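Input: a single structure, listed below in structure tokens.
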Amino acid sequence: EVINAINSAIRPDHIFIGHNLKYDKGVGIPFGLFTEFNKPTFFDTMLGEQRINLGSGLLNNFKDTYERRLKKFFPEDKAVRKDFIYMTKESRMFIKHIMYGSADIADIIKVAIAQRELLKETQQYEFTKQVEFPLVQLLCEIELEGLYLDQTKWLNLINIKKKRRLECQIECDEIIR
């Protein structure tokens with residue numbers, strides 16, 4: 001009942017905001033969330049923070065992200081958090097899990113807005129939006145379903161690239177002479 005209600009509210013024109021959405025999607029898919037017909041656009045505040053802080057050594061967990069972007073202390077009452085870490089496909093979600101998830105909604109939207117502005121200011125928003133955020137969904141699906149690679153095609157492609165690299169090296173040598 002809850003899953004049906006959530007799925008009916010998620011539409012492709014919506015933006016699904018979260019922190020480490022690969023995890024959220026991985027937990028949600030076995031429960032029937034994020035089905036093919038209702039995939040939303042993702043805005044992952046963890047990836048946004050990693051992009052903003054690239055190479056800084058700063059932590060990008062939600063607590064630190066929250067405090068940096070909203071300039072206030074993070075509420076520490078997160079006892080339910082550990083339940084999510086150990087959830088599997090067979091785990092049951094209870095009201096306490098829904099309440100836990102809903103507590104961050106207003107603030108995570110504020111975090112995403114602040115990050116979007118910083119990403120735009122530093123001319124990183126389009127790349128993040130068009131490459132990194134869509135990869136979240138793809139990587140999650142690969143982790144859940146696996147990835148089939150045609151070994152013969154990959155080996156052929158490797159050999160073609162090796163041959164082309166040798167040709168480029170020969171061309172460079174001739175230019176240098």
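It should be emphasised that the depicted structure is a prediction, and the values quoted were computed from it without experimental measurement.
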Next item on the list: Side-chain contact test, heavy atoms from C-beta onward, threshold under 4.5 Å: evaluate it for Thr41 versus Phe133 and give yes or no.
Entry: no
Would you tabulate the side-chain donor-acceptor contacts of residues 119-128 under 3.5 Å, counting partners in other chains and residues two or more places apart, or write 'none'?
unit_1, atom_1, unit_2, atom_2, d
Thr122, OG1, Leu118, O, 2.9
Thr122, OG1, Leu119, O, 3.3
Thr122, OG1, Gln124, NE2, 2.7
Glu126, OE1, Gln130, NE2, 3.1
Thr128, OG1, Gln124, O, 2.8

Margin query: Tell me which pairs pass side chain to side chain donor-acceptor pair (under 3.5 Å) where either residue lies in residues 142-153, with sequence neighbours left out.
Written below: Lys22-Glu143
Check: Who are the side chain to side chain contact (heavy atoms under 4.5 Å, CB included) partners of Leu70, not counting sequence neighbours?
Finding: Tyr66, Lys72, Asp107, Lys110, Val111
Output a table of donor-acceptor pairs, distance under 3.5 Å, between side-chain atoms of residues 55-62 and any protein atom two or more places apart or on a different chain; print 'none' if there are none.
unit_1, atom_1, unit_2, atom_2, d
Ser56, OG, Asn53, O, 2.7
Ser56, OG, Leu58, N, 3.1
Asn60, OD1, Asn53, ND2, 3.2
Asn61, OD1, Lys63, N, 3.1
Asn61, OD1, Asp64, N, 2.7
Asn61, ND2, Asp64, OD2, 2.9

Note to self: My understanding is that only residues two or more places apart in sequence, or in another chain, count here; which of them pass side chain to side chain contact (heavy atoms under 4.5 Å, CB included) with Leu147?
What the structure shows: Ile142, Leu149
Check: By side chain to side chain donor-acceptor pair (under 3.5 Å), which residues pair with Glu132, not counting sequence neighbours?
Finding: Arg51
Notebook entry, point to check: With ILVMFWY side chains joined below 4.5 Å, transitively, what does Leu166's cluster contain besides itself?
Noted result: Ile170
Checklist line | Results of salt bridge (Lys or Arg N to Asp or Glu O under 4.0 Å) for Glu171 - residues two or more places apart only | finding: Arg164
Checklist line | Atom pair CG/CZ of Asp83 and Arg92 - distance to nearest 0.5 Å | finding: 13.5 Å
Notebook entry, point to check: With sequence neighbours excluded, what pairs up with Ile95 under the side chain to side chain contact (heavy atoms under 4.5 Å, CB included) test?
Noted result: Met99
Next item on the list: Taking side chain to side chain contact (heavy atoms under 4.5 Å, CB included) as the test, write out the residues that go with Ala114, two or more places apart.
Entry: Arg69
Check: Partners of Thr45 by side chain to side chain donor-acceptor pair (under 3.5 Å), sequence neighbours excluded?
Finding: His19
